[in-house]
Novice: 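I have a structure I would like to understand better, so I am pasting it below and will then ask my questions one at a time.
Order of the sequence lines fixes the chain letters, A, B, ..., with proteins taken first and strands second; residue numbering starts at 1 for each chain. Side-chain atoms are counted along with the backbone in the values below, which use heavy atoms only and exclude waters and symmetry mates. Since the structure is predicted, the reported quantities are computational estimates derived from the model, not experimental observations.
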Amino acid sequence: MNEMIQQDLTALLKRVTGFDAFREGQEEVVRSVINGHDTIAVLPTGAGKSLCYQLPVHAMGGTVLIVSPLLSLMEDQVAQLKMNGEKRVAALNSFLAPKERSAVLANLGKYRYLFTSPEMLVQPHISDRIKQLELAYIVADEAHCISQWGFDFRPDYLRMREWLGSLGERPPVLALTATASEKAIQDIADYLLMKQQKLFIHPPDRPNIAMELVRQESREEKTKWILNALTGWKGPGIIYVQSRKRAEELAELLRLRNIRVAAFHAGMEGEDRILVQQQFLTGELEWICATNAFGMGINKPDIRWIIHDQLPPSAAQYIQEIGRAGRDGGQSLATLLYTETDADKAAFIALDDLPEPETVRFIGKCISEGMELKEAGDRAGLSDTALRVVSYWLGRLGTDKAAIQMEELAAGKRKEIFSMVRFAEGGGCIRSRILALFGYAPATRPVHCCSDCGFVADQFLSARTTVDNASGLLGWKERIDGLLGVGE
DNA sequence: CGCATGATGCCTACGCATCATGCGGTGCAGTAGT
C-alpha cells in the first residue's frame, strides 16, 4: 500500500470520528498500521489508544480482530462503538449464549470489529473460522498481558505465537499497551511474531504524579497511616493491597470513618465488581481498596492518589498501577508504604503457584507413561492453572527444557522483586530510581517530584472538610483507635 | 516462607510463653445444576 499522506489521514479522522486533529502519538501509529507494518505502540493510559486500532480499518476495509484480556473490556468497547453508531461489531466470548455464538460465528465476515480472548482464539474450531476472514490487521489490546500473564497464568497468550505462525502470509499486527518495560516489549514482539516492527514508545514518566515512599515497621503502622491520610485528604483514589482479606478489612475501617469506599477483588461476584467500578467512575465512591484485579480499562480521568499498601512485585506493575492517576493532567500523588517483610510476601504470592522443576519432570514422566494429564496433575497436587501452564511448556519444549524454563521464570520473578527491594530501601530521587529500572531518566524535575526531592501535598490534594466528619463520627474514631490499640 | 490468629500449657487465676494452624493475585472457558 502506498504511504498515506497527512491530509488523507486527517480527512479520515474527521469523517469517522468528527475530530479535527489527532492527539499526540496517534497519527503515526495509525499510519504505520495502514502502511502494513507490525506496530508496537506504548501510549500512556488515556492517550486515546482505542482510536489507534479503530481508525485504520476504515481506510483498509475488511475485518479487524482485536484480542482483549478481559470480557468486561470487550463489552465496554463493543458498547462504546455501538453508541457511536457502529453496527458491524461483535465480541466472540463466553458471555454469549450458544445461539448467539452460532449467529456470530455464522456471520464473522460481516463484522468490521471482532473482539475475542486469546483462549477463544486459539481453539482450533474458532481459529479455523477466523483464518478464513479478510483480516485488515490484528490488534493485541493491553499487550503487556502477554508478558505479565502468558508465562505462568494464561498460556494461551503465548499460543498466539503459533496461531499467528499458522496464518502464513498474515496481516499486520498492532500491539497497544501503556507498559514500556524492555521485557514487555521484547515479549510482545516475540510472541506476536513481529517482523521489522515499528516502535512508538512514549516514555513512562508522568511528571504530574508526585511519588512518595514511606518506610514503616508493621502492618498496624500502615493502617494508621492510611486512616490518617484519608481522613485528612480527599481522593478520588485507589489503595492497592496484597490480599482480598486486607482489601475488605481496610475498606471496612475507612467506611467507619465515613469515607465512601468499597473493596474490589476477584473473589467478589461479577455484579458487585461492575457496581463498584461504576460507582467509582461516577464519583459515588471516592476510594477503592483493591487487589491487582482492579484497574485495567478503568477510564477515570481525575484519580488523584494511588496508595500501595505493600511493595509491588515488579517495576512494570508499579508503574502500570500508579499510571492510573492523573490522566486529566492534574497534579496527583503515588504513595508506596513499605516494610521490610513485604518482599517475602510478594515472593510467596508470585512463586507459590509456579510449578517446581521436579513437578514438571514428574508430570512429563507420567504423560510419557500414558497417564491422563488431569490425573498426573492431581497426583502432583497442581492447581488447574498450574497444570495448564505445565502442559503448555511441556508441549512446546519437552520435559527437560520445560523444567529449566520454570526455574528461569522463578529466578526472573525473584530478581524483579529484589530490584524493587533495592528501590524501596535505597536513597535518592524516587522518580529517577523507578524510571531507571526501565532504562529511562526523567526529562525534567517537576515542582512536586517525590518525597526525596520534595513536594507539597497541600498545594494539590484537597483537605477533607470538617463538615464531612461532623456527624457523630468522633465516637467511631475513638472506638476504632481503641480496637487498633492506637490513640491514647 | 513469615506473619497473624487461635489453642494449649502452665497449674489454679491470670497472664504469659509456646505450639499449631491458616493464610496469601491476576481470567478465560465450559459445564453442571439452580
Novice: Taking OP1 and OP2 of B:dT26, is either one under 4.0 Å from a side-chain nitrogen or oxygen of A:Arg273?
Specialist: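 No, A:Arg273 has no side-chain N/O under 4.0 Å of OP1/OP2 on B:dT26.
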
Novice: How close or far is atom C1' of B:dT26 from atom OH of A:Tyr240, stated in whole angstroms?
Specialist: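 Whole-Å distance recorded here is 12 Å.
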
Novice: Does the side chain of A:Phe418 come within less than 4.5 Å of A:Lys415's, by heavy atoms?
Specialist: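 No. Closest side-chain heavy atoms not under 4.5 Å.
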
Novice: With rounding to whole Å, what would you report as the distance between B:dG15 and B:dC11 at their C1' atoms?
Specialist: 13 Å

Novice: Given atom CD of A:Glu119 and atom P of B:dG27, what is their separation to the nearest angstrom?
Specialist: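 For the pair A:Glu119 CD and B:dG27 P, the rounded distance is 11 Å.
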
Novice: If we call it a pair only when both distances are under 3.5 Å in a Watson-Crick or G-U wobble match, what pairs with B:dT31?
Specialist: none

Novice: Side chain of A:Phe153: nearest nucleotide among B:dT26, B:dG24, B:dA29?
Specialist: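 My answer, after comparing the listed nucleotides, is B:dT26.
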
Novice: When you measure from the side chain of A:Leu70, which nucleotide among B:dG24, B:dA29, B:dC28 comes out closest?
Specialist: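 Given the options B:dG24, B:dA29, B:dC28, the side chain of A:Leu70 is closest to B:dC28.
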
Novice: Phosphate oxygens OP1/OP2 of B:dG30: is one of them under 4.0 Å from a side-chain N or O of A:Arg101?
Specialist: yes

Novice: Does the side chain of A:Ile404 come within less than 4.5 Å of A:Pro357's, by heavy atoms?
Specialist: no

Novice: What is the base-pairing partner of B:dC14, counting Watson-Crick and G-U wobble geometry with both distances under 3.5 Å?
Specialist: none

Novice: So, does A:Ser94 get its side chain near the phosphate of B:dA29, meaning an N or O under 4.0 Å from OP1 or OP2?
Specialist: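 So the side-chain polar atoms of A:Ser94 do come within 4.0 Å of the phosphate oxygens OP1 or OP2 of B:dA29, strictly under.
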
Novice: Determine: side-chain N/O of A:Gln148 to OP1/OP2 of B:dG25, distance under 4.0 Å, yes or no.
Specialist: no

Novice: What's A:Asp353 touching, base or sugar-phosphate or nothing? Going by heavy atoms closer than 4.0 Å.
Specialist: nothing

Novice: Quick one: do A:Ile306 and A:Ile303 satisfy side-chain contact (heavy atoms from CB on, under 4.5 Å)? Show the steps, please.
Specialist: CA-CA 8 Å; A:Ile306 309 281; A:Ile303 295 175; 3.8 Å; yes

Novice: Find out whether A:Tyr113 and A:Ile66 are in side-chain contact, i.e. whether some heavy atom of one side chain is under 4.5 Å from a heavy atom of the other.
Specialist: yes

Novice: Roughly, in whole Å, what's the span from CD in A:Glu75 to P in B:dG27?
Specialist: 15 Å

Novice: Can you tell me how far P of B:dG30 sits from CZ of A:Arg388, to the nearest Å?
Specialist: 12 Å

Novice: Whole angstrom is fine here: how far is it from NE2 in A:His265 over to P in B:dC23?
Specialist: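 Going from NE2 in A:His265 over to P in B:dC23 covers 14 Å.
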
Novice: Starting at the 5' end of DNA chain B and moving along, which residue's nearest nucleotide shows up first, A:Arg244 or A:Phe95?
Specialist: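 Taking each residue's closest nucleotide, the earlier one in sequence belongs to A:Arg244.
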
Novice: Which whole number of Å gives the distance between the C1' atom of B:dG9 and that of B:dC14?
Specialist: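 Looking at atom C1' only, B:dG9 and B:dC14 are 13 Å apart.
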
Novice: Can you tell me, in whole Å, how much space there is between the C1' of B:dT12 and that of B:dT8?
Specialist: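 Approximately 16 Å lies between the C1' atom of B:dT12 and that of B:dT8.
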
Novice: Do the charged groups of A:Arg219 and A:Asp342 touch, with an N to O distance under 4.0 Å?
Specialist: no

Novice: Stacking here means centres under 5.5 Å and planes under 30°; does A:Phe348 stack on B:dG24?
Specialist: yes

Novice: Do any side-chain nitrogens or oxygens of A:Ser117 fall under 4.0 Å of OP1 or OP2 in B:dA29?
Specialist: yes

Novice: Pick base, sugar-phosphate or nothing for A:Ala347, based on heavy-atom distances below 4.0 Å to the nucleic acid.
Specialist: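 A:Ala347: no heavy atom of the nucleic acid under 4.0 Å.
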
Novice: So A:Ile126 and A:Leu92, do their side chains get closer than 4.5 Å, heavy atoms only?
Specialist: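 They are in contact (side-chain heavy atoms under 4.5 Å apart), so the answer is yes.
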
Novice: With respect to the phosphate group of B:dA4, does any side-chain polar atom (N or O) of A:Arg246 fall under 4.0 Å of OP1 or OP2?
Specialist: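 Checking A:Arg246 against B:dA4: no side-chain N or O falls below 4.0 Å of OP1 or OP2.
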
Novice: Applying a 4.0 Å non-hydrogen cut-off, can you work out what A:Pro69 is touching in the nucleic acid: base, sugar-phosphate, or nothing?
Specialist: sugar-phosphate

Novice: Whole angstrom is fine here: how far is it from CD in A:Gln242 over to C1' in B:dG25?
Specialist: 9 Å

Novice: Side chain of A:Met120 only, please: which of B:dG30, B:dG25, B:dC3 is the nearest?
Specialist: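 Taking heavy atoms from C-beta onward, the closest nucleotide is B:dG30.
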
Novice: Side chain of A:Ser243 only, heavy atoms from C-beta on: which candidate in B:dG25, B:dG27, B:dA29 is closest?
Specialist: B:dG25

Novice: Can you tell me how far P of B:dG30 sits from NZ of A:Lys374, to the nearest Å?
Specialist: 17 Å

Novice: Could you let me know what B:dA4 is paired to, Watson-Crick or G-U wobble, both distances under 3.5 Å, or none if it's on its own?
Specialist: B:dT21

Novice: Return the stacking result for B:dT26 and A:Trp149: yes when the ring centres lie under 5.5 Å apart and the planes under 30°, no otherwise.
Specialist: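 Here A:Trp149 fails the 5.5 Å or the 30° condition.
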
Novice: From the set B:dC28, B:dT26, B:dC3, return the single nucleotide nearest to any side-chain atom of A:Asn292.
Specialist: B:dT26

Novice: Less than 4.5 Å apart, side chain to side chain, heavy atoms only: is that true for A:Phe294 and A:Phe280?
Specialist: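 In contact.
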
Novice: Please report the distance, rounded to the nearest Å, between CG in A:Asp344 and P in B:dA4.
Specialist: 12 Å

